Every structure is written in structure tokens, then in C-alpha cells.
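All of these numbers come straight from a predicted model, not from anything done at the bench. Chain A is the first sequence line, chain B the second, and so forth, proteins listed ahead of strands; every chain is numbered from 1.
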There are 2 protein chains.
Amino acid sequence: MAGFRHVVIFRWNENATDERKRAMVDGLNALPGAIPEIEAYHVGGDAGINPGNYDFAVVADFADRDAYLVYRDHPVHRAVINEHITPILAERAAVQYEL
Amino acid sequence: MAGFRHVVIFRWNENATDERKRAMVDGLNALPGAIPEIEAYHVGGDAGINPGNYDFAVVADFADRDAYLVYRDHPVHRAVINEHITPILAERAAVQYEL
């Protein structure tokens, strides 16, 4: 397997209502339709098994680093971040790596 | 796509020499051969594109939550954590979610 993976984990703040989280998920799930460089995209809320976990994860796969950069800087992606993630964000942990 | 995904991101401490990181990667990459419940397993060090990133990510896919729990509690996995991750660990962020 070759490719480039973006992994990001979020912890939400006290403004993260169910409605806001639904809008965030809808915004993220629209990105594969808007950004053809995305090869695989799986987001989800924590299953609640392990104490101390963060709240939400995004794993996105690309052909290579340049394709990831298109996604990172894409205006539709930036709009989802600005409108739906930043307002409910407490903590963020991210890594990008070669597959 | 159905399944259950485990995502964990690490930041290493000042004891994380190249030699220790190589031993950690070797230990993790041996797990799919030891734990048949692992369906996909991709680990990697941060590509260094984005400031503020953590250092290393593990994304592991399973058929379901029970298969993940076998992995989580497997003695070979716990040994890798105890011997190769905990000694170099500064921060950890994890999420498990349904695919």
C-alpha cells in the first residue's frame, strides 16, 4: 500500500451541542464530494470504551503529500473548519504519514 | 465499509532516540502477525509538514469492537506498550470509532 495519510483527533469544548456536532459531521462528510484528491475518508465519534479518550477522529487517505496539501488548503475544507470545528474545539492532535 | 477503527497519536519525550523509535516501530509492525483480529495496521512518523503536530500515529482496523478489545488487551500488544512506548511517551490522544 502506498499513499499519504492524515490523522486528526479532536476534543470538543462545552459549546459542542448535538446539533453542532451533527453539522460538523455533515460538513466533513461532504468533503469527498468536493475534493477529488480524497481517496478515503472516515470520520467518527469516540465509541466510549476507554476513559480519557478524545471525542472525534478523522482519517483521510491521499495518493501523496501534494494531494493532502490540496485538501488541507481547499476553501471548502477551510470553511468547514472555520464554521463547524473551530467553534467547538478544545484540543487537537494531528499526524500525517506515508503509507 | 463496516468495521471498527482504533486511532492513536503519540508525542514522544526526550528519551525517544532513533534506536528506541526503531524498536517501537518494529514491535508495532510485528503485531498483525501475532494478533489475527487485526485487519489493517498502518503506523508512521509525522511527515513534518505542519507545525504543532504530534510525532507518531497508529491506525488499526478490526471487524468489530470485540476484535479491537482482543487487540487492546493482547499480551503481545501490552508488552510492546510497556517496553517500547511508555518509556518514550510524553502525550497520547486516542479515539475508537465505528466505520
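Residue A:Val58 is grouped with residue A:Val76 when hydrophobic side chains (ILVMFWY) are merged at heavy-atom distances under 4.5 angstrom, including chains of intermediate members. The cluster map of Ile, Leu, Val, Met, Phe, Trp and Tyr, joined by side-chain heavy atoms under 4.5 Å apart, puts B:Val8 and A:Val7 in different clusters. B:Tyr54 and B:Phe10 are not part of a single hydrophobic cluster, where members link through side-chain heavy atoms under 4.5 Å apart. When hydrophobic clusters are built by joining Ile, Leu, Val, Met, Phe, Trp and Tyr residues whose side-chain heavy atoms come closer than 4.5 Å, directly or via intermediates, A:Ile38 is grouped together with A:Phe4. Linking Ile, Leu, Val, Met, Phe, Trp and Tyr whenever their side-chain heavy atoms come within less than 4.5 Å leaves A:Tyr41 and A:Leu99 in two separate clusters.
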- Item | Verdict with reasoning, B:Tyr68 to A:Ile49, per side chain to side chain contact (heavy atoms under 4.5 Å, CB included) | CA-CA 10 Å; B:Tyr68 158 70; A:Ile49 298 175; 4.2 Å; yes
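Top candidate by heavy-atom pairs under 4.5 Å with chain A, chosen from B:Gly44, B:Gly48, B:Gly52, is B:Gly44. Of the listed residues A:Arg72, A:Arg11, A:Glu91, A:Arg92, the one with more heavy-atom pairs under 4.5 angstrom with chain B than any other is A:Arg72. Among the candidates A:Val43, A:Leu69, A:Asp55, the residue making the largest number of heavy-atom pairs closer than 4.5 Å to chain B is A:Val43.
Nearest heavy-atom pair, A:Tyr97 versus B:Gly45, reported as atom, atom and distance to 0.1 Å: CB-O, 3.4 Å. Scanning all heavy atoms of the two residues, the minimum distance from A:Asp46 to B:Val95 falls at OD1-CA, 3.5 Å.
Interface with chain B: from residues 24-35 of chain A, no residue qualifies, criterion being any non-hydrogen pair under 4.5 Å.
How far CG of A:Asn50 is from NE2 of B:His6: 8.0 Å, rounded to the nearest 0.5 Å.
Only the backbone of B:Phe56 has a heavy atom closer than 4.5 Å to any heavy atom of chain A. For B:Arg65, the part lying near chain A is the side chain, with the backbone staying farther off; criterion is any non-hydrogen pair under 4.5 Å.
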